[in-house]
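Shown next, in structure tokens, is the structure this report addresses.
Note that the structure is predicted; figures quoted are calculated from it, not measured.
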Amino acid sequence: IQFTIMAIGGSMMTITLIGAILLIFIFTINLIFFLNQEKGFIDWLKYVTSKNRIITIFEVIFSVVYALEFISIFILI
């Protein structure tokens with residue numbers, strides 16, 4: 001039983017670290033994208049379609065949630 005618990009913990013840690021690395025990758029891509037724009041984020045958001053606006057808002061919300069989860073992982077480790 002002890003080895004099973006350790007295996008589950010190891011697999012959860014691996015999945016969590018992969019997610020954390022992907023989160024950093026997404027933040028980097030977003031940062032590069034918006035720094036290369038001539039307009040700021042708010043100006044860009046004014047002129048996009050409703051679909052892109054909704055996707056962007058969801059992306060920001062999920063990024064904040066996953067960033068908080070990422071911070072909580074390091075607190076637990």
Inset, instruction - Please identify each residue that fulfils side chain to side chain contact (heavy atoms under 4.5 Å, CB included) with Ile24, with sequence neighbours left out. - result: Thr28, Phe70
Inset, instruction - State plainly whether one hydrophobic cluster holds both Leu17 and Val65, where clusters connect Ile, Leu, Val, Met, Phe, Trp and Tyr through side-chain heavy atoms under 4.5 angstrom apart. - result: no
Inset, instruction - For Phe62, look at atom CZ and say whether over 12 heavy atoms of other residues, nucleotides or ligands are found less than 6.0 Å away. - result: no
Legend entry - Audit row: Thr49, Arg53, side-chain contact (heavy atoms from CB on, under 4.5 Å) steps and yes/no: CA-CA 6 Å; Thr49 62; Arg53 196 174 292 153; over 6 Å; no
Inset, instruction - State the CD1-CD1 distance between Ile57 and Ile54, to the nearest 0.5 angstrom. - result: 7.0 Å
